[in-house]
Amino acid sequence: QVQLVESGGGLVQPGESLRLSCTATGYTMDTYTIAWFRQAPGKEREGLSAINESSGKTYYSDSVTGRFTISRDNAKNTVHLQMNSLKPEDTAVYYCAAKETGWGRLKDVRPIFDSNWYEYWGQGTQVTVSS
């Protein structure tokens, strides 16, 4: 049974940082692509960052490039999202998602931020940025 569990959310002030974690159980991440999404009230789910575990290649949306960093801890079967210089507009529920994509680099990266492409989802963790 594949399960993803997010942690690390909370309430921070503008300009502060948070590190989210996504821990997988039921499988090893080696042949999966893991992504972070967020969804604010009344808005569509937005893809932020992804990592292809096989190749190690990372991907970022324009909205978080330069502020967010995705990384992996293979020993703990965990993917992190380091979020710096947080803004009030970053307030949302943050989700991690996984799709089995096999060994090697992705041949087609177009769906990397398409929520419908992913097979497994965590329950989400709330991030609130407010003074």
Side-chain angles (χ1 to χ4, degrees):
Q1 182 74 17
V2 174
Q3 284 191 322
L4 301 173
V5 179
E6 301 99 334
S7 61
L11 172 63
V12 296
Q13 295 189 344
E16 292 187 339
S17 300
L18 274 177
R19 189 177 80 156
L20 305 182
S21 299
C22 173
T23 299
T25 58
Y27 71 99
T28 55
M29 287 182 162
D30 296 5
T31 58
Y32 281 73
T33 294
I34 311 297
W36 284 97
F37 288 76
R38 68 185 178 192
Q39 189 164 21
K43 294 189 176 181
E44 292 187 356
R45 193 164 292 191
E46 175 191 10
L48 305 175
S49 182
I51 183 166
N52 175 248
E53 291 286 353
S54 178
S55 67
K57 188 165 177 59
T58 58
Y59 305 85
Y60 296 95
S61 69
D62 290 343
S63 63
V64 302
T65 295
R67 295 193 301 129
F68 292 8
T69 303
I70 194 169
S71 62
R72 59 184 175 177
D73 182 342
N74 289 343
K76 297 182 179 178
N77 223 32
T78 296
V79 170
H80 300 291
L81 185 68
Q82 177 67 40
M83 306 187 296
N84 298 330
S85 302
L86 284 164
K87 307 173 184 179
E89 51 263 44
D90 293 318
T91 296
V93 178
Y94 284 68
Y95 300 89
C96 66
K99 179 177 175 65
E100 186 168 17
T101 48
W103 294 104
R105 296 172 68 104
L106 292 176
K107 294 180 176 60
D108 183 2
V109 300
R110 286 174 296 178
I112 201 81
F113 292 139
D114 180 354
S115 61
N116 294 314
W117 190 61
Y118 288 87
E119 299 167 304
Y120 307 103
W121 290 84
Q123 82 289 348
T125 184
Q126 176 70 45
V127 171
T128 303
V129 184
S130 176
S131 55

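Residue numbers count from 1 along this sequence. Values below: all heavy atoms of this structure, side chains included; hydrogens, waters and symmetry mates excluded. These numbers were taken from a predicted model, which means no experiment stands behind them.
- Taking CD1 from I112 and CG from N52, the interatomic distance works out to 7.0 Å, rounded to the nearest 0.5 Å.
- For A98, the side-chain contact (heavy atoms from CB on, under 4.5 Å) criterion is met by L4, Y27, Y32, I34, Y120, not counting sequence neighbours.
- Under a hydrophobic clustering in which Ile, Leu, Val, Met, Phe, Trp and Tyr are joined whenever their side-chain heavy atoms come within less than 4.5 Å, directly or via other members, V79 and L48 fall into the same cluster.
- Residue pairs meeting the disulfide (SG to SG under 2.5 Å) criterion with at least one member in residues 81-131, sequence neighbours excluded, are C22-C96.
- Of the possible polar contacts, none joining the S55 side chain to the R105 backbone as a donor-acceptor pair under 3.5 Å is found.
- Within the structure, salt bridge (Lys or Arg N to Asp or Glu O under 4.0 Å) contacts touching residues 60-75 (residues at least two apart or in different chains) are E53-R72, R67-D90.
- Placement of F68 and V12 within a single hydrophobic cluster is found when ILVMFWY residues are connected by side-chain heavy-atom separations under 4.5 Å, directly or transitively.
- Residue M83 holds its CE atom at 11.5 Å from OG of S49, rounded to the nearest 0.5 Å.
- With a 6.0 Å radius and a threshold of 12 heavy atoms from other residues, nucleotides or ligands, E89 has its CD atom above the threshold.
- For the residue pair E46 / S63, a side-chain donor-acceptor distance below 3.5 Å is found, with atom types taken as modelled.
- No continuous path of ILVMFWY side-chain contacts below 4.5 Å connects W121 to L20, so the two sit in separate hydrophobic clusters.
- Cluster membership for V127 and V5, using ILVMFWY side-chain heavy atoms within less than 4.5 angstrom, is not shared.
- From Q126, atom CD reaches atom OG1 of T91 across 7.0 Å, with rounding to the nearest 0.5 Å.
- One N or O on the side chain of E6 and one on the backbone of G124 form a donor-acceptor pair closer than 3.5 Å.
- Taking the six-membered ring where the residue is Trp, F37 and F113 present perpendicular rings, their angle passing 60° and hence far from 30°.
- Between the side chain of T23 and the main chain of T78, no donor-acceptor pair closer than 3.5 Å is present.
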